[in-house]
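Encoded as structure tokens, the structure appears first; notes follow it.
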Protein chains: 2
Amino acid sequence: MDDIMEKFPNQRKRQKDFKCSIGFAMTVIGSKWGAIILWHILKSPHIRYGELKKSIPNISHKILSLELKRLEMDGLIERIAYPTIPPKVEYNLTEKGRSLDNILTELCLWGRKYMV
Amino acid sequence: MDDIMEKFPNQRKRQKDFKCSIGFAMTVIGSKWGAIILWHILKSPHIRYGELKKSIPNISHKILSLELKRLEMDGLIERIAYPTIPPKVEYNLTEKGRSLDNILTELCLWGRKYMV
DNA sequence: CAGTATCCTAAACGATACTG
DNA sequence: CAGTATCGTTTAGGATACTG
């Protein structure tokens with residue numbers, strides 16, 4: 001398997017280049033779907049892949065997979081796979097991921113306030 | 001002049017499409033440079049274009065201009081132009097922009113904590 | 001069910017030159 | 001000084017088919 005990080009070349013570069021800590025933070029949660037995915041896992045611990053997909057309208061299969069893998073590599077979520085047939089996979093936030101709770105909540109409130 | 005929003009086609013689509021308020025919020029501050037620019041203006045009110053450019057390493061001329069224009073259209077910053085020669089332009093956060101203070105500060109702290 | 005692999009588009013980003 | 005305009009590159013994102 002290719003290294004997942006090769007799928008996000010700029011994201012990696014950005015993490016190295018940014019002296020600014022805000023810039024760094026945005027490389028982690030600032031993708032189109034990143035924050036939304038984290039939010040859903042935060043609100044529904046042990047959520048399964050399929051439910052996650054259903055709860056996020058319009059996200060594509062590929063992007064959800066890639067982002068989940070990236071978020072796992074970034075240490076924000078953990079993936080629990082049960083070796084059953086058919087497979088069952090759950091996602092949870094790690095400590096590092098949960099530390100974004102406040103920020104995500106405020107982002108949500110801010111968005112709700114100013115969304116047209 | 002072209003409509004500035006044509007330069008950010010997806011950004012606009014995203015604002016309309018997203019039911020999710022976090023998704024909406026990210027379209028506003030989730031670009032590569034958006035949050036950083038807001039942060040610098042927040043920390044240095046009345047900052048001039050040139051100083052802003054100098055204080056953000058690696059940002060290109062074009063992107064800084066475009067983002068400033070977009071942020072102005074989004075109602076987050078205000079632009080004050082003095083009709084002198086040579087011209088002098090200052091940027092400030094609006095009320096709406098300042099309402100992001102907490103989020104930006106927390107993003108900064110989070111990034112500093114977890115940046116390698 | 002929970003993914004990969006492949007192919008593709010569009011959008012963000014950037015270097016550089018020019019302007020009032 | 002503070003921008004535009006024009007060009008080009010890179011990258012994120014997506015449709016679809018296939019797999020253990």
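Because only heavy atoms are used, hydrogens play no part in the values below, and waters and symmetry mates are left out as well, while side chains stay in. Below, read A as the first sequence line, B as the second, and so on, with proteins coming before strands; counting in each chain starts at 1. Predicted model, so just to flag it, every value in this text is computed and none were measured.
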Heavy-atom nearest nucleotide on DNA chain C taken for A:Leu68 and for A:Lys62; more 5' hit belongs to A:Leu68
Counting just side-chain N and O atoms, does A:Trp33 come under 4.0 Å of either OP1 or OP2 of D:dG14?
-> yes
Just wondering, do A:Ser31 and A:Phe8 contact through their side chains at under 4.5 Å, heavy atoms?
-> no
For DNA chain C, whose closest nucleotide is more 5', that of A:Glu90 or that of B:Ile63?
-> A:Glu90
Note, A:Ile36 side chain near A:Trp39 side chain (heavy atom, < 4.5 Å) = no
If you check the B:Pro87 side chain, which of C:dA2, D:dG3, D:dC1 turns out closest?
-> D:dC1
Rounding to a whole Å, what distance do you find between A:Ile80:CD1 and C:dG3:P?
-> 12 Å
To the nearest Å, how far apart are A:Arg70 CZ and C:dG3 P?
-> 16 Å
Quick one: sort the B:Tyr49 and B:Tyr91 rings into parallel, tilted or perpendicular, breaks at 30° and 60°.
-> tilted
Round to the nearest Å and state the distance from B:Tyr49 atom OH to C:dG20 atom P.
-> 18 Å
Pair assignment for D:dA5, Watson-Crick or G-U wobble, requiring both distances under 3.5 Å | C:dT16
Checking all strands, does A:Tyr91 fall into the base, sugar-phosphate, or nothing category for heavy-atom contacts under 4.0 angstrom?
-> sugar-phosphate
Nucleotide D:dA2, atom C1' - distance to CD1 of B:Ile77 in whole Å | 14 Å
Can you check the A:Lys88 NZ to C:dC1 P distance for me, whole Å?
-> 13 Å
Those residues at least two apart in sequence (or on a different chain) that pass side chain to side chain contact (heavy atoms under 4.5 Å, CB included) with B:Arg112 are A:Ser21, B:Cys108
Quick one: does A:Leu68's side chain get under 4.5 Å of A:Ile41's, heavy atoms only?
-> yes
Counting heavy atoms from C-beta on, name the nucleotide in D:dT4, D:dA12, D:dC1 closest to the side chain of B:Lys69.
-> D:dT4
Send over the distance from A:Leu52 CG to C:dA2 P, rounded to a whole Å.
-> 10 Å
Compare side-chain N and O positions of B:Arg48 against OP1 and OP2 of D:dA2 and report whether any pair is under 4.0 Å apart.
-> yes
A:Leu66 atom CG is separated from D:dT11 atom C1', nearest whole Å, by 13 Å
Check whether any side-chain N or O of B:Lys32 sits under 4.0 Å from OP1 or OP2 of C:dG14, and answer yes or no.
-> yes
No-H, no-angle donor-acceptor pair, B:His61 side chain to D:dG3 base, under 3.5 Å = yes
Of the candidate nucleotides D:dA2, C:dC13, D:dG13, which contains the atom at the shortest distance from the side chain of B:Arg79?
-> D:dA2
Provide, to the nearest angstrom, the distance between the CD1 atom belonging to B:Ile47 and the P atom belonging to D:dA2.
-> 11 Å
